[in-house]
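Computed over heavy atoms, backbone and side chain alike; hydrogens, waters and symmetry mates excluded. Throughout, a chain's letter reflects where its sequence line sits, starting with A, and its residues are numbered from 1. Note that the coordinates shown come from a computational prediction; the quantities given were computed from them, not determined experimentally.
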Protein chains: 2
Amino acid sequence: MDKKYTIKDIAQMAGVSKGTVDRVLHNRGKVSPAALEKINEVLNVIDYEPNLIARNLKSTKIYRVCVLLPDPAFDPYWLPCVNGIQDAITEFKAYSVIIETHYFNPESTKSFLKVNETIISQSPDAVLLTPLFHKETVEIIKQYDELGIMVNTFNNQVESSSVKSFVGQDLHKSGRVAASLMNLILNKGQIAIIHIDESLKNAVHMQEKEKGFRNYFDEKELSDFSLTTLKLKYSNIETKFTAFLEENPDLSGIFITTSKAYQIASVLSLATTKKIALIGYDLIEKNVNFLNQGKVHFLIHQNQKRQAYLGVSTLVEHFLFRKEFPDTILLPIDIINSENASFYF
Amino acid sequence: MDKKYTIKDIAQMAGVSKGTVDRVLHNRGKVSPAALEKINEVLNVIDYEPNLIARNLKSTKIYRVCVLLPDPAFDPYWLPCVNGIQDAITEFKAYSVIIETHYFNPESTKSFLKVNETIISQSPDAVLLTPLFHKETVEIIKQYDELGIMVNTFNNQVESSSVKSFVGQDLHKSGRVAASLMNLILNKGQIAIIHIDESLKNAVHMQEKEKGFRNYFDEKELSDFSLTTLKLKYSNIETKFTAFLEENPDLSGIFITTSKAYQIASVLSLATTKKIALIGYDLIEKNVNFLNQGKVHFLIHQNQKRQAYLGVSTLVEHFLFRKEFPDTILLPIDIINSENASFYF
DNA sequence: ACAAAAAATGTGCTCGAACACACAAAATTT
DNA sequence: AAATTTTGTGTGTTCGAGCACATTTTTTGT
């Protein structure tokens with residue numbers, strides 16, 4: 001039943017040559033109606049699936065995929081992505097695919113644009129983007145589209161019909177998850193939502209999380225809580241956050257929308273002995289240290305490694321195995337505390 | 001630099017024929033010292049990796065992998081495994097591998113033994129076992145070993161040097177995770193550890209979880225808690241658990257070590273209006289319903305789907321790509337509440 | 001009716017590894 | 001020294017899809 005039919009088998013069954021079968025399968029034309037019908041009859045009965053191994057052995061076309069990633073040297077948040085990409089490289093090394101990573105400075109639009117130029121000059125078949133700079137990305141995507149270069153994105157979403165596939169998380173839901181955990185630790189009091197970021201490039205990201213977080217409290221009508229938003233930059237964390245702590249002596253919980261929870265935890269452990277519930281994002285080393293010390297209660301895992309892996313493998317599998325692009329891949333929102341953290345590295 | 005060398009390339013470089021290179025690569029002997037040295041010289045300089053696609057295209061050997069699984073009709077816990085196995089089948093359908101699933105009745109040792117006989121009569125290349133019945137499994141594994149059939153296990157561990165690889169979770173740690181969550185919901189009171197199982201086949205499983213759970217409370221010296229263990233069977237849940245509730249009016253938390261949390265939640269929602277913290281295992285439908293109703297606080301996800309998938313793919317990749325067996329694959333202990341549950345299906 | 005063009009069909013080579021087999025060159029035996 | 005075995009080496013085929021090219025059949029034009 002599940003015997004694997006080959007083109008030769010089909011040819012034999014239909015009483016034609018494999019060349020004709022091949023032409024039908026790829027509708028290359030030059031086939032008489034009679035032959036077409038005979039072959040289609042056979043194809044309707046059996047269940048032909050081309051042998052992908054043979055196909056990829058034959059194909060001489062080398063696919064080029066470029067990944068555009070913020071340099072992890074600037075922000076360790078991106079470090080796991082490198083491993084995810086490496087996983088994909090290892091998995092597909094047998095095939096004729098070249099996967100290349102290019103870094104840009106996440107603080108510099110210019111750097112982003114420059115690296116994109118480099119990529120364009122290499123004319124790859126597809127690009128996986130981290131669209132940190134919204135406006136510039138839209139422009140760049142248009143360029144790629146005109147050149148027939150496929151574009152996928154991960155981590156950040158950018159609305160463009162040219163983007164085939166997006167890998168990321170539901171940020172609104174992730175805010176809700178944080179809220180539900182906060183609601184478990186505390187049953188009343190003031191909660192601060194803190195955004196820490198240098199530029200505004202993560203604005204959408206952070207806002208969505210905040211919306212989700214607030215949405216949970218609104219929906220559950222938890223009126224014993226009061227929520228405050230605070231925006232910080234690296235340069236002013238110490239002063240501004242310390243001042244905030246003094247102004248808000250009743251603060252009992254903090255939700256940090258970026259991977260910088262360790263910065264808050266650090267200031268907090270010096271400033272006060274009071275126990276404040278802390279929930280943040282990402283399993284970067286400094287965060288996990290505070291998690292293990294009990295200074296951070298929960299971290300939400302954004303699984304950048306898998307995001308990057310899936311971003312690449314979606315593209316590669318499209319080329320190699322003609323797989324359809326899923327519109328969106330949403331990764332689970334992993335809840336991490338000190339007890340299960342070690343399993344997620 | 002990362003040019004892919006073929007056997008032909010090596011032959012040319014060493015000034016011999018591809019046949020000789022092939023004999024060296026597979027040490028089939030019949031090679032003169034002179035030729036051997038020339039080829040080894042080339043191999044030392046370049047970085048030869050055989051093209052797995054070509055190798056698998058040529059090979060006519062069809063690998064047979066059998067999976068031995070408790071029938072999901074008896075316990076929906078096993079349902080996701082079917083999907084995991086299906087994923088593996090889809091992924092490897094291009095290769096010459098046959099993956100077959102055989103079910104047994106988890107309540108019947110006889111059924112287990114009978115299915116094993118069927119499998120042995122098919123003489124597969126490898127078997128993935130769910131070793132529910134410890135004593136019988138050890139015996140069976142010995143048989144497989146003598147027949148040269150590889151054995152991997154998942155879900156349950158069984159100490160045997162013949163088992164190449166095990167996929168599962170660290171149950172002790174998973175008990176600790178449950179404890180840490182319980183400690184977050186409650187800050188004092190009586191906690192019941194409830195084991196629900198028909199036979200004793202899951203005894204080790206449940207005990208390890210209990211040990212981990214207790215270990216957490218011991219280690220953190222949380223003396224405001226008192227822990228009680230209760231063993232139930234399906235037939236006596238209603239009566240015995242109701243009685244337990246009456247005898248223990250101060251009960252504030254329950255940890256259920258199997259996937260049967262819904263049975264406790266069900267009785268609980270009828271017997272009392274008091275809020276009792278409930279933590280259980282597995283995203284089976286009934287559990288998730290109670291999770292969404294707020295009657296179960298957390299579920300720990302044992303990810304049987306991925307367990308089964310990895311169990312199969314480890315075997316297949318060993319045959320197809322000569323991959324080494326990892327001794328143990330421990331899956332992360334996913335913490336699930338009503339907010340993030342939907343992402344794990 | 002016959003040549004030329006067009007359409008349809010078949011043949012044969014390629015990809016890289018694996019292995020059977022043929023053949024040659026040494027190493028033994030008689 | 002000739003016959004035979006052993007050892008070494010190269011050649012050729014296979015796997016299945018894909019595609020170029022050769023060949024056959026049909027159609028069209030004069």
Within this structure, what is the [atom1]-[atom2] distance for the pair [X] and [Y], rounded to the nearest 0.5 Å?
X	Y	atom1	atom2	value
Phe319(B)	Thr314(B)	CZ	OG1	11.5 Å
Leu68(A)	Ile140(A)	CG	CD1	8.5 Å
Lys93(B)	Leu52(A)	NZ	CG	6.5 Å

**Asked** Hey, mind stepping through Phe92(B) and Val65(B) against side-chain contact (heavy atoms from CB on, under 4.5 Å) and telling me if it holds?
**Response** CA-CA 12 Å; Phe92(B) 297 113; Val65(B) 175; over 6 Å; no
**Request:** Quick one: label Asp22(B) by what it contacts on the DNA or RNA (base, sugar-phosphate, nothing), any heavy atom closer than 4.0 Å.
**Result:** base
**Asked** Contact class for Ile7(B) (heavy atom, under 4.0 Å): base, sugar-phosphate, or nothing?
**Response** sugar-phosphate
Would you indicate, yes or no, if [N] has its OP1 or OP2 atom less than 4.0 angstrom from a side-chain nitrogen or oxygen of [X]?
X	N	value
Thr6(A)	dC15(D)	no
Tyr48(B)	dA17(C)	yes
Arg23(A)	dT9(C)	no
Tyr5(B)	dA17(C)	no
Ser17(A)	dT9(C)	no
Ser32(B)	dT9(D)	yes

**Earlier contact from the 5' end, DNA chain D, for Ala54(B) and Gly19(B)** =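 Its nearest nucleotide lies further toward 5', so the answer is Gly19(B).
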**Request:** Hey, which sits more toward the 5' end of DNA chain D by its nearest nucleotide, Pro33(B) or Leu57(B)?
**Result:**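 Upstream on the strand: Pro33(B).
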Between atom [atom1] in [X] and atom [atom2] in [N], what is the gap in whole Å?
X	N	atom1	atom2	answer
Leu36(B)	dT7(D)	CG	C1'	14 Å
Lys8(B)	dA17(C)	NZ	C1'	12 Å
Phe321(B)	dA17(C)	CZ	P	15 Å
Tyr95(A)	dA17(D)	OH	P	15 Å
Lys30(A)	dC21(D)	NZ	C1'	13 Å
Gln12(B)	dT11(D)	CD	P	12 Å
Ile53(B)	dT14(C)	CD1	C1'	15 Å
Glu37(B)	dT9(D)	CD	P	13 Å

**Asked** Of Ala34(A) and Arg55(B), whose nearest nucleotide on DNA chain C comes first from the 5' end?
**Response**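 Whichever sits nearer the 5' end wins; that is Ala34(A).
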**Prompt:** Is there a ring pair (Phe, Tyr, Trp, His ring centres under 6.0 Å) between Tyr5(B) and Tyr48(B) once you walk through the steps?
**Reply:** CA-CA 6 Å; Tyr5(B) 293 95; Tyr48(B) 174 69; 8.3 Å; no
**Request:** Kindly point out which of dA8(C), dC19(D), dG16(D) is positioned nearest to the side chain of Lys18(A)?
**Result:**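 That would be dC19(D).
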**Asked** Which of the following nucleotides, dA18(C), dG8(D), dA17(D), is nearest to the side chain of Lys58(B)?
**Response**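 Of the options given, the side chain of Lys58(B) lies nearest dA18(C).
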**Message:** Donor-acceptor pair, distance only, cut-off 3.5 Å: does the side chain of Gln307(B) make one with the backbone of Gln302(B)?
**Reply:**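 At least one qualifying donor-acceptor pair exists.
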